[in-house]
There are 2 protein chains.
Amino acid sequence: MINHYYKNKSRFLVAADCIIFGFKEKELHVLLTRRPVEPLAGEWSLMGGFVAENESLEAAAKKVLYDYTQQEGIYMEQVNAYGEIDRDTGGRVISVAFYALVRLEEFDTSLAQKFDAKWINIKELPKLIFDHNQMVKDALTLLRFKVSMEPIIFEFFDEKFTLPALQDLYEAIYQREIDKRNFRKKLSSMEILDKLDIKDTLSSKRGAFYYQFNEEKYNDLLERGKYFSL
Amino acid sequence: MINHYYKNKSRFLVAADCIIFGFKEKELHVLLTRRPVEPLAGEWSLMGGFVAENESLEAAAKKVLYDYTQQEGIYMEQVNAYGEIDRDTGGRVISVAFYALVRLEEFDTSLAQKFDAKWINIKELPKLIFDHNQMVKDALTLLRFKVSMEPIIFEFFDEKFTLPALQDLYEAIYQREIDKRNFRKKLSSMEILDKLDIKDTLSSKRGAFYYQFNEEKYNDLLERGKYFSL
DNA sequence: ACAAAAGTGTTCACACTACACCCATGG
DNA sequence: CCATGGGTGTAGTGTGAACACTTTTGT
């Protein structure tokens with residue numbers, strides 16, 4: 001016996017929109033594209049795609065990420081669902097936003113050409129279509145919160161990074177300057193980084209030592225009842 | 001000219017599920033119902049309903065809240081969207097969860113009868129249908145975070161409350177005991193409460209003074225560059 | 001030699017924690 | 001008069017913020 005509870009109910013288009021963050025030139029950037037279709041073709045937009053029948057929301061977002069970056073295993077988290085009736089002027093679409101952190105060292109810039117996409121400095125965010133500006137705002141709020149609570153800031157880097165670069169990223173995320181000594185003190189007190197023997201000599205004459213995030217040390221921290229906090 | 005971008009895409013049933021919190025007998029409770037329809041009829045479930053064509057997600061959630069509590073202006077916030085393919089064993093449904101805080105003083109208990117609903121102590125949460133346990137867990141995490149950052153704890157009360165009751169609620173939310181003096185010190189340092197001349201003499205012989213949250217004082221606090229923090 | 005960025009400790013203020021006794025009242 | 005819960009202050013500890021100089025090296 002089948003009931004009719006699920007029958008005669010409205011069905012909706014569901015989209016997954018991605019706020020793709022990257023770190024470049026000491027600033028936080030978002031990957032944006034010129035919308036290829038009407039309405040509002042040519043306007044700035046987040047990367048998105050419709051959810052398919054046999055796809056979870058996360059899978060749809062991962063697909064969008066893979067299509068535009070060709071990277072897998074990208075750190076991703078749901079921001080919110082957006083469901084105002086007229087949010088999409090092309091039709092009734094419910095959109096679920098995800099933010100993602102990508103490593104720009106690995107980014108294939110030819111992809112940007114292909115999709116008419118561009119890394120835009122978060123400080124110079126243009127007007128986006130629909131409610132995408134709100135999505136970016138919400139994503140940034142969540143990112144800030146998460147960065148302060150969990151060691152996700154390292155997802156922006158390809159394994160190794162220098163402390164000055166890490167601090168630049170931190171300052172870009174929070175849009176405020178912080179004291180170098182306090183920043184390094186906090187990091188070293190957590191004992192979650194490995195100092196490497198090699199230096200990055202590109203961005204300074206003296207050169208800055210590379211560091212790596214050490215997952216085991218991080219787990220040790222948690223086992224001691226301590227928490228990550230930046 | 002109309003494009004085909006929105007055509008031939010899958011459409012989904014979208015539900016709004018509500019985690020309705022209330023404070024009762026010194027414990028945090030959630031309003032649950034016995035699911036009236038198959039599959040899993042008779043099992044414990046959150047309150048929910050399908051989103052209609054001309055309804056935003058928030059409006060759908062508000063409707064669910066109104067139907068089950070007959071209260072308006074309830075504090076409500078989105079938790080997350082849940083979109084695993086098989087999360088609902090009755091069909092493909094994408095669900096957006098909202099948590100809400102209701103005043104149990106005003107709650108009409110006859111409604112509970114009508115909907116086969118019950119206030120369940122959060123410490124004795126039964127197995128719920130689908131991913132509803134996860135939703136409650138996520139809602140509780142978000143609630144704890146929000147309570148510590150914004151003055152929403154007062155939404156549990158009908159205007160006035162005593163400090164012992166407020167502390168009981170706080171301890172129920174965080175499931176840990178805290179020091180009476182420190183709790184009161186923190187509250188009084190924010191200067192956002194008005195002490196009334198009347199006492200609640202029901203729960204103790206001596207009686208505890210009633211207090212009220214004062215919105216203007218709270219705004220003054222913000223203007224001074226300070227923040228609410230519990 | 002000098003410019004430019006890397007690296008390094010200490011002090012102070014404030015916030016959080018722990019802790020014990022008196023008060024008011026109903027029964 | 002006594003049992004029950006309401007109400008109050010202080011000292012110690014830890015965390016976050018402010019702050020200046022030396023080192024290295026490429027040009």
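FYI, side chains are in, hydrogens and waters are out, and symmetry mates aren't considered; it's all heavy atoms of this structure. Order of the sequence lines fixes the chain letters, A, B, ..., with proteins taken first and strands second; residue numbering starts at 1 for each chain.
Remark: A/Glu106 pairs with A/Arg103 by the salt bridge (charged side-chain N to carboxylate O under 4.0 Å, His left out) rule, at least two apart or across chains. Considering only residues two or more places apart in sequence or on other chains, B/Asn121 meets the side chain to side chain donor-acceptor pair (under 3.5 Å) condition with none of them. B/Tyr75 is linked by a ring pair (Phe, Tyr, Trp, His ring centres under 6.0 Å) to nothing, counting only residues two or more places apart in sequence or in another chain. For A/Glu171, the salt bridge (charged side-chain N to carboxylate O under 4.0 Å, His left out) criterion is met by no residue, not counting sequence neighbours. Judged as a salt bridge (charged side-chain N to carboxylate O under 4.0 Å, His left out), and not counting sequence neighbours, the contacts of A/Arg181 are A/Asp179. By the side chain to side chain donor-acceptor pair (under 3.5 Å) test, A/Tyr82 pairs with A/Asp138, sequence neighbours left out. Residues meeting the salt bridge (charged side-chain N to carboxylate O under 4.0 Å, His left out) test with A/Glu58, sequence neighbours left out: none.
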For this session: Can you check each nucleotide of nucleotides 5-11 of chain C against protein heavy atoms at under 4.0 Å and return B for base, S for sugar-phosphate only, - for none, in 5' to 3' order?
Result: SBBBBB-
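Scanning DNA chain D 5' to 3' for nucleotides with an atom closer than 4.0 angstrom to a non-hydrogen atom of chain B gives a first and last hit of D/dA3 to D/dT10.
Taken residue by residue, residues 151-160 of chain B places no heavy atom nearer than 4.0 Å to DNA chain D.
For residues 200-210 of chain B, the set of pairs meeting the side-chain hydrogen bond (donor to acceptor under 3.5 Å, both in side chains) definition, not counting sequence neighbours, comprises B/Asp200-B/Ser203. Screening residues 217-230 of chain B for side-chain hydrogen bond (donor to acceptor under 3.5 Å, both in side chains), with sequence neighbours left out, gives B/Asp194-B/Lys217.
Between A/Phe23 and A/Phe156, the distance from one ring center to the other does not fall under 6.0 angstrom.
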